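Each remark here refers to the structure printed beneath this line.
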Amino acid sequence: MKTIVVTGGAGFIGSHLCEALLTNGDRVICVDNFVSGSATNIEPFRANPHFAFIEHNVCEPLVIDDHIDQVYNLACPASPVHYQRDAVLTLETNVIGTHNMIRLALGAGARILQASTSEVYGDPLEHPQKETYWGNVNPIGVRACYDEGKRAAETLCFDYSRQRGADIRVVRIFNTYGPRMAEHDGRVVSNFIVAALRGEPITIYGDGSQTRSFQFVSDLVRGLILMMNNESFIGPVNLGNPGEFNMLELAEKVLRMTGSASDLITKPLPSDDPRRRKPDISVAKKELGWEPVVGLDEGLEKTIAYFATVV
Ligand code: NAD
Ligand code: UDP
């Protein structure tokens with residue numbers, strides 16, 4: 001039985017990861033400050049003797065008086081609405097928080113997996129995005145607290161690996177959706193589904209021609225665990241579903257699948273909103289034998305069924 005720390009474990013992805021690790025028979029120590037996650041997400045695990053929770057802001061150093069094998073560092077709000085609310089805190093979480101979690105892992109002789117993001121590619125000039133692409137990021141824009149923060153976090157991981165012997169893994173996660181996304185998360189999949197189920201207008205930012213590649217959360221969690229347990233490949237590796245859809249197509253799918261009569265309305269495109277996004281996953285296929293298996297229709301069906309029980 002491994003002892004595994006999951007920071008951000010009360011969030012959307014983190015709670016699915018905690019669940020999968022507990023199911024695998026591991027011991028999980030979840031660390032979260034509920035800035036964008038919720039106690040409800042981890043409620044089902046509270047009674048499990050192999051689950052422990054520490055309420056903690058990763059921007060403060062963390063001491064865990066226990067043997068630790070692995071640290072998954074997921075702590076950071078992921079939705080633009082949440083990460084822009086307190087941009088300085090987001091940057092601190094990514095830089096100081098990641099620094100603290102690398103030091104926790106290093107001190108414990110544990111491996112750390114850093115949850116990075118497709119946002120390191122910014123508004124990409126290369127399409128689809130390969131891990132070798134260095135990105136096109138506005139360093140002073142409204143998304144920079146997240147994009148540049150995650151880029152600096154990757155730098156910290158690789159410098160700690162090269163110079164101080166940290167055992168790191170870095171994954172670049174593309175847009176992920178599924179049950180347990182917060183109703184007010186603000187990202188496109190939950191916004192569209194919640195609006196459609198309530199019969200409220202669906203809001204398209206810009207003309208809706210911008211694209212994203214959406215991966216279902218179970219595919220991502222499988223990839224995270226494969227990467228953490230890979231003995232030779234440290235990354236970075238893209239984890240995403242290469243299916244590419246524009247926001248109008250997504251809205252039409254959600255309307256059709258919910259049977260909703262919601263209107264489509266438009267709002268201005270937020271600043272620095274990337275035009276296109278699609279992962280090249282050949283590295284994940286080769287190094288991890290990983291590729292997504294849940295298509296958008298199947299994943300949306302499960303996500304709609306979840307939101308139908310909560311909204
Ligand atoms: P989320 O907001 O649901 O979860 C993030 C969790 O981290 C929350 O529970 C939050 O309370 C916690 N947290 C934030 N700051 C913290 C701090 N300073 N100290 C302790 N806990 C803190 O988001 P998510 O979608 O589950 O994303 C999880 C991770 O995956 C994030 O690091 C995010 O950047 C990364 N990621 C997600 C996506 C996606 O599409 N969901 C895409 C790329 C990368
Ligand atoms: N978006 C939208 N309506 C919404 C929420 C988002 O049209 O209600 C757009 C947003 O401008 C972006 C895309 O959908 O172009 C994906 O946004 P999200 O916040 O989900 O993820 P990110 O931009 O971080 O990839």
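Heads up: numbering here begins at 1 and tracks the sequence. Just so it is clear, the values below take in all heavy atoms, side chains as well, and ignore hydrogens, waters and symmetry mates. Because the structure is predicted, anything quoted here is derived from the model rather than measured. Remember, it's 1-based here, ligands and their atoms both numbered in the order they're listed.
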Between Glu119 and Arg172, is there a side-chain N and carboxylate O pair less than 4.0 Å apart?
no
If you count every heavy atom of other residues, nucleotides or ligands that lies below 6.0 Å from Arg103 atom CZ, does the total exceed 12?
no
Lys278 bridged to Glu126 by N-O distance under 4.0 Å
no
Return yes when Arg277 approaches ligand 2 closer than 4.0 angstrom through a heavy atom, no otherwise.
yes
For ligand 1, the portion of Phe34 having any non-hydrogen atom under 4.0 Å away
backbone
Hey, is Tyr177 touching ligand 1 through its side chain, its backbone, both or neither, going by heavy atoms under 4.0 Å?
neither
For Pro77 and ligand 1, does the shortest N/O to N/O distance drop below 3.5 Å?
no
Indicate yes or no: does Lys302 engage Glu298 in a salt bridge with an N to O separation below 4.0 Å.
yes
Lys/Arg N to Asp/Glu carboxylate O, Lys253 vs Glu301, below 4.0 Å
no
For atom 31 (C) of ligand 1, what's the nearest protein heavy atom and its distance?
Leu74 O, 3.2 Å
Nitrogen or oxygen of Arg187 less than 3.5 angstrom from that of ligand 2
no
For ligand 1, is His56 a contact, meaning one of its heavy atoms is under 4.0 Å away?
yes
Show the atoms of ligand 1 that are less than 4.0 angstrom away from any heavy atom in Gly37.
8 (C), 9 (O), 10 (C), 11 (O)
Can we say Asp66 and Arg27 salt-bridge, meaning some charged N sits less than 4.0 Å from an Asp/Glu carboxylate O?
yes
Closest non-hydrogen atom pair between Phe192 and Val254, with its separation
O-CG1, 3.7 Å
Per-residue contact class, Asp32 against ligand 1 - non-hydrogen pairs under 4.0 Å:
both
Cation-aromatic face contact Arg46/Phe53, 6.0 Å, 45 degrees:
yes
Any side-chain donor paired with an acceptor under 3.5 Å for Glu291 and Asn241?
no
I'd like to know whether ligand 1 has Arg187 as a neighbour, heavy-atom separation below 4.0 Å.
yes
Quick check on Lys150 - does any of its heavy atoms sit under 4.0 Å from an atom of ligand 1?
yes
Closest by any non-hydrogen atom to atom 5 (C) of ligand 2: pick that one out of Phe214, Tyr205, Tyr83.
Tyr205
Any N or O on Val188 sitting closer than 3.5 Å to an N or O of ligand 2?
yes
With heavy atoms under 4.0 Å as the rule, classify the contact between Ser116 and ligand 1 as side chain, backbone, both or neither.
backbone
Assess whether a salt bridge exists between Glu249 and Arg212, defined as any Lys/Arg side-chain N lying under 4.0 Å from an Asp/Glu carboxylate O.
no
What closest approach, in Å, do Met1 and Asp69 show between heavy atoms, and which atom pair accounts for it?
O-OD2, 4.4 Å
Within-shell test, Gly97 vs ligand 1, heavy atom, strictly < 4.0 Å:
no
Tyr146 N/O to ligand 1 N/O under 3.5 Å
yes
Under 4.0 Å, heavy-atom basis, I'd like to know which part of Glu92 is in contact with ligand 1: side chain, backbone, both or neither.
neither
Counting heavy atoms only, which of Leu220, Val217, Ile173, Val171 is nearest atom 42 (C) of ligand 1?
Ile173
